[in-house]
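Inspection log for the structure reproduced underneath, given as structure tokens.
Lettering of chains follows the sequences in order, A, B, ..., and the numbering in each one begins at 1. A quick note: this is a predicted structure, and the numbers were derived from the prediction, not measured.
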Number of protein chains: 2
Amino acid sequence: MATPSTSPAEITKLRTRFEEYARKHGLKSTSQRDAIVDQFLRSSGHVSIDDLLAKVRKRAPKVGYATVYRTMKLLTDSGIAAARQFGDGQTRYEVMGEGHGHHDHLICVQCGLILEFENDTIEQLQDEMADRLGGFKLVRHKLELYGLCPKAAGQKNGYCPNESS
Amino acid sequence: MATPSTSPAEITKLRTRFEEYARKHGLKSTSQRDAIVDQFLRSSGHVSIDDLLAKVRKRAPKVGYATVYRTMKLLTDSGIAAARQFGDGQTRYEVMGEGHGHHDHLICVQCGLILEFENDTIEQLQDEMADRLGGFKLVRHKLELYGLCPKAAGQKNGYCPNESS
DNA sequence: GTAAGTGCAAAGTGTTTGCATTTCC
DNA sequence: GGAAATGCAAACACTTTGCACTTAC
């Protein structure tokens, strides 16, 4: 339940959803775009533009940054991707499949591991808080927890065994 | 209790704290730095570099961005300022006086009004959550609520009466 | 054929840094 | 006089845009 990768069935569904969006908006299908969308959908977790481009270029070496940015904008606009900022300077994107609705993040400050979670009680308290502060109606929120995962906490420093490539 | 401005007494205390920090680190006192620190301490709320520089330049017209950035870094390092990112691209700074410790933010998406709040129950639930997700030890967190303040919610759209210059 | 998409390089952000010059102690 | 600070402009990292060329339909 941590950083779920999208199931094949779900990927198909999302791809179809994008095709509909594309048709509705008069977008053409190109090999570059298809490669990016495909690669994005099968990425699990929180992909950066660099990550994504690197993977895409294995298949289609000439794809440029601009195309990736433009495609991610389309995916975001169509609700298939969500852009996230975790303070490391670069935007990361996650797949917004069904059964992957709203959630918050827990990030290991040592190894960069990102877990996702949901907590209804917290959400409810947020609504109450906003109301108590003068009748605000919340439209969204951002909750990020930064901590040490148990493995990182056990290390002297620097290296974290949860680290992955 | 919302976006408090710092009391004169507190400002004096903070200025002294910075002087100590400066002495300890072999920093020299310059008119530019003094002007920036002074202006920052009397700013209430969440100042951007641009805001701050604009105000500083009324007194000392030749101050450059670099100096403001460098000074804000000193203030942050000395614990007198805290840097915040509210997703509008620019870093904002707030004064970290006594009686102005940890807190979270509630932001009106219409008029940009920023309120501060604290909620121990939420904090506690966060710790529990982190522990439950595999024994994480939290070192910090970020909670931002985005909503409509009641005045903004009442308007048709666009203009918000809470807006201030 | 023409609208849409691509790649590149240039332009835009906000921020940091190198360096010659000035300032403080 | 020498370390530290300044201002400027250049460098940065990330992202967006302009434009000539290519591609899909």
Side-chain angles (χ1 to χ4, degrees), chain A residues 18-40 46-78 81-93 112, chain B residues 18-40 46-54 56-78 81-94 112:
Chain A
F18 184 66
E19 280 159 16
E20 278 163 23
Y21 177 89
R23 197 174 325 116
K24 189 168 303 179
H25 291 255
L27 307 182
K28 289 173 181 170
S29 146
T30 69
S31 63
Q32 295 92 324
R33 189 129 82 197
D34 292 349
I36 296 166
V37 171
D38 185 67
Q39 192 55 249
F40 170 67
H46 304 79
V47 212
S48 69
I49 294 284
D50 280 319
D51 290 350
L52 190 55
L53 182 56
K55 286 179 189 161
V56 167
R57 278 188 171 157
K58 288 184 185 164
R59 285 200 254 167
K62 316 202 58 173
V63 173
Y65 275 95
T67 305
V68 180
Y69 277 108
R70 289 190 270 235
T71 303
M72 289 318 296
K73 182 158 198 335
L74 292 176
L75 285 167
T76 311
D77 290 349
S78 61
R84 303 276 187 181
Q85 301 276 157
F86 299 117
D88 66 341
Q90 52 190 358
T91 304
R92 291 169 182 280
Y93 297 86
Chain B
F18 184 65
E19 280 160 15
E20 278 163 23
Y21 176 89
R23 198 174 325 118
K24 189 168 299 177
H25 290 256
L27 307 181
K28 287 173 180 168
S29 146
T30 69
S31 63
Q32 295 91 326
R33 190 127 83 196
D34 293 349
I36 295 166
V37 171
D38 184 68
Q39 190 57 248
F40 170 66
H46 304 79
V47 211
S48 69
I49 294 283
D50 279 320
D51 290 349
L52 191 54
L53 182 56
V56 168
R57 278 189 171 155
K58 288 185 186 164
R59 283 201 254 168
K62 314 201 60 172
V63 173
Y65 275 95
T67 304
V68 179
Y69 276 110
R70 289 191 269 235
T71 303
M72 288 320 294
K73 181 158 196 335
L74 293 175
L75 285 167
T76 311
D77 290 348
S78 60
R84 305 275 186 182
Q85 302 276 158
F86 300 117
D88 65 342
Q90 54 189 359
T91 304
R92 290 170 182 279
Y93 297 86
E94 58 186 68

Determine, stepwise, if the pair B:Arg92 / B:Phe86 fulfils side-chain contact (heavy atoms from CB on, under 4.5 Å). CA-CA 8 Å; B:Arg92 290 170 182 279; B:Phe86 300 117; 3.9 Å; yes

Please walk me through it: do B:Leu52 and B:Gln39 pass side-chain contact (heavy atoms from CB on, under 4.5 Å)? CA-CA 7 Å; B:Leu52 191 54; B:Gln39 190 57 248; 3.8 Å; yes

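Between the CD1 atom in B:Ile36 and the OG1 atom in B:Thr30 there is a gap of 7.5 Å [rounded to 0.5 Å]. One distance of note links CD of B:Gln32 with CZ of B:Arg70; it measures 11.0 Å at 0.5 Å rounding.
Along DNA chain D, the nucleotide nearest to B:Gly26 and the one nearest to B:Val63 differ in position, and the one closer to the 5' end is contacted by B:Gly26.
Side-chain N/O atoms of B:Ser48 and B:Asp51 include a donor and acceptor closer than 3.5 Å.
Straight-line distance from the CZ atom of B:Arg23 to the C1' atom of D:dA4: 17 Å, rounded to whole Å. Rounded to whole Å, the distance from NE2 on B:His25 to C1' on D:dA3 is 16 Å. Taking atom NZ on B:Lys62 and atom P on D:dG7, their separation rounds to 8 Å, with Å as the unit.
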Scan nucleotides 14-19 of chain D nucleotide by nucleotide, 5' to 3', and note B when protein non-hydrogen atoms come under 4.0 Å of the base, S if they reach only the sugar-phosphate, - if neither. SBBBB-

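Residues A:Tyr21 and A:Leu75 are not in side-chain contact: their nearest non-hydrogen atoms beyond the backbone lie 4.5 Å or more apart. Taking 4.5 Å as the limit, every side-chain heavy atom of A:Met72 sits out of range of all side-chain heavy atoms of A:Thr91.
Heavy-atom contacts of chain A under 4.0 Å fall on DNA chain C between two terminal nucleotides, which in 5' to 3' order are C:dA3 to C:dC8.
A donor-acceptor contact shorter than 3.5 Å is absent between the side chain of A:Arg23 and the backbone of A:Phe18.
A side-chain contact (heavy atoms from CB on, under 4.5 Å) with A:Val56 is found for one member of A:Thr71, A:Val68, A:Val63, A:Thr67 and no other, namely A:Val63.
Scanning all heavy atoms of the two residues, the minimum distance from B:Asp34 to B:Ser29 falls at OD2-OG, 3.3 Å.
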Review item, nucleotides 20-25 of chain D N/O atoms under 3.5 Å of protein N/O:
unit_1: D:dA24; atom_1: N3; unit_2: A:Lys28; atom_2: NZ; d: 3.3

